[in-house]
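Report on the following structure.
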Amino acid sequence: AQEERVVETGFNSWYATHMETAVGERLNVFGQCHIRRTDFGSAWQQRLLFLGSEWRSPAGLKWSMAYGNIMNHPNGIPAQEHRLFEQLVYAFPAGKWSIGHRHRIEHQWLEQNDFDLKNRYRIDVSAKRPLGTSGKWTFRVHNESLISMFDPTRANLYQQNWLGLGFIHAFSAKSKLSLEYLQQTIISGNGLTAKRNHNIHWMFIHK
């Protein structure tokens, strides 16, 4: 395996827009559009469109459901995907830290797999802490795992893992910049090989 190691470098650019509006005291509807380009922006990676709803409990829990229409580009060839997901998000304080959880169950129908139903579970656990007294800097670390569900034909159930850590700088209540190192581990379908990607993320967010 070491003799067959391949090292590739590249630049990916992702653009995302999220829109939501209240339809009740605790209920929102939202739409999302994600455009993901690779090879220094010259080639398509994904186009994602989501439409869903989010309900917020008095305790601060957020429960959402959404449908996604996705165009993947495996090996440069367009392939459609339909996706449904249910998601639970919550956070709680732990001293100076804030601990966040995101639990998502996804149902996928991929064209490259003859639109057979695939299910997976995604769990993201994060921790962030303000730095200094200005309130402008925050340290954040998170880990997200992608786990196959209800598929006895797979040699491995653990598909991917994303481990990231970085810093967030707030310019204002509406704008912030994030710098993060992200290590992505992808395990092959036969469970015998794995690919590890090292990523540096610059992300600008404006509300």
Pairwise side-chain contact, [X] with [Y], heavy-atom cut-off 4.5 Å (strictly under):
{"X": "I105", "Y": "N119", "result": "no"}
{"X": "P130", "Y": "F139", "result": "no"}
{"X": "Q184", "Y": "Q160", "result": "yes"}
{"X": "D151", "Y": "K118", "result": "yes"}
{"X": "L49", "Y": "I70", "result": "no"}
{"X": "T185", "Y": "W162", "result": "no"}

Charged N to carboxylate O below 4.0 Å: is that the case for R140 and E180?
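Yes, this pair counts.
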Between R56 and E25, does at least one N-O distance fall below 4.0 Å, as a salt bridge requires?
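Judged by the 4.0 Å cut-off on N to carboxylate O distance, R56 and E25 do not form a salt bridge.
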For F11, does the CZ atom sit with more than 12 other heavy atoms under 6.0 Å from it, leaving out its own atoms?
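Count not over threshold, so no.
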Counting only heavy atoms from other residues, nucleotides and ligands, does the tally under 6.0 Å from CE of M203 exceed 12?
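No - once you tally the heavy atoms of other residues, nucleotides and ligands closer than 6.0 Å, there are 12 at most.
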What is the distance from atom [atom1] of [X] to atom [atom2] of [Y], rounded to the nearest 0.5 Å?
{"X": "D116", "Y": "W109", "atom1": "CG", "atom2": "CH2", "answer": "11.5 Å"}
{"X": "L27", "Y": "S53", "atom1": "CG", "atom2": "OG", "answer": "5.5 Å"}
{"X": "I99", "Y": "Y90", "atom1": "CD1", "atom2": "OH", "answer": "11.0 Å"}
{"X": "M19", "Y": "L51", "atom1": "CE", "atom2": "CG", "answer": "9.5 Å"}
{"X": "F171", "Y": "K136", "atom1": "CZ", "atom2": "NZ", "answer": "9.5 Å"}
{"X": "N72", "Y": "I77", "atom1": "CG", "atom2": "CD1", "answer": "12.5 Å"}

I'd like to check the side chain to side chain contact (heavy atoms under 4.5 Å, CB included) partners of N143; sequence neighbours left out, ordered by chain and number.
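Per chain and number, N143 pairs via side chain to side chain contact (heavy atoms under 4.5 Å, CB included) with S145, N161, L163.
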Begin from the C-alpha positions of R83 and Q108 and carry the test side-chain contact (heavy atoms from CB on, under 4.5 Å) through to its verdict.
CA-CA 5 Å; R83 187 183 302 179; Q108 299 174 285; 3.7 Å; yes
Answer yes if [X] and [Y] sit in the same cluster of Ile, Leu, Val, Met, Phe, Trp and Tyr residues linked by side chain heavy atoms under 4.5 Å apart, and no otherwise.
{"X": "I147", "Y": "I187", "result": "yes"}
{"X": "W55", "Y": "L61", "result": "no"}
{"X": "W137", "Y": "I205", "result": "no"}
{"X": "L165", "Y": "L179", "result": "no"}
{"X": "Y181", "Y": "L177", "result": "yes"}

Are any side-chain N or O atoms of [X] and backbone N or O atoms of [Y], one a donor and one an acceptor, separated by less than 3.5 Å?
{"X": "S188", "Y": "T193", "result": "yes"}
{"X": "N199", "Y": "L182", "result": "yes"}
{"X": "S175", "Y": "S172", "result": "no"}

Search all heavy atoms of [X] against all heavy atoms of [Y] and return the closest pair with its distance.
{"X": "P78", "Y": "E111", "answer": "O-OE1, 4.5 Å"}
{"X": "S148", "Y": "Q159", "answer": "CB-NE2, 3.5 Å"}
{"X": "S126", "Y": "H142", "answer": "CB-CB, 3.6 Å"}
{"X": "G10", "Y": "F40", "answer": "CA-CE1, 4.1 Å"}
{"X": "H198", "Y": "Q183", "answer": "CE1-OE1, 3.6 Å"}
{"X": "A79", "Y": "Q112", "answer": "CB-OE1, 3.3 Å"}

Strictly by modelled atom types, are [X] and [Y] linked by a side-chain donor-acceptor pair under 3.5 Å?
{"X": "Y121", "Y": "H103", "answer": "yes"}
{"X": "Q87", "Y": "R104", "answer": "yes"}
{"X": "E86", "Y": "W63", "answer": "no"}

For the pair H101 and F92, evaluate side-chain contact (heavy atoms from CB on, under 4.5 Å) and give the outcome as yes or no after the intermediate values.
CA-CA 9 Å; H101 282 254; F92 57 89; 4.0 Å; yes
Between L48 and E81, does the side-chain contact (heavy atoms from CB on, under 4.5 Å) criterion hold? Intermediate values first, please.
CA-CA 9 Å; L48 305 93; E81 175 186 347; over 6 Å; no
Please walk me through it: do R102 and E144 pass salt bridge (charged side-chain N to carboxylate O under 4.0 Å, His left out)?
CA-CA 9 Å; R102 186 182 72 179; E144 182 169 8; 2.6 Å; yes
Would the [X] and [Y] ring centres measure less than 6.0 Å apart?
{"X": "F30", "Y": "F50", "result": "no"}
{"X": "W44", "Y": "H73", "result": "yes"}
{"X": "H169", "Y": "F167", "result": "no"}

Check step by step if side-chain contact (heavy atoms from CB on, under 4.5 Å) holds for R47 and N69.
CA-CA 8 Å; R47 187 272 296 146; N69 181 273; 3.2 Å; yes
Of H34, H201, Q45, the residue whose pairing with W14 passes side chain to side chain donor-acceptor pair (under 3.5 Å)
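Looking at H34, H201, Q45, the match for W14 under the side chain to side chain donor-acceptor pair (under 3.5 Å) is Q45.
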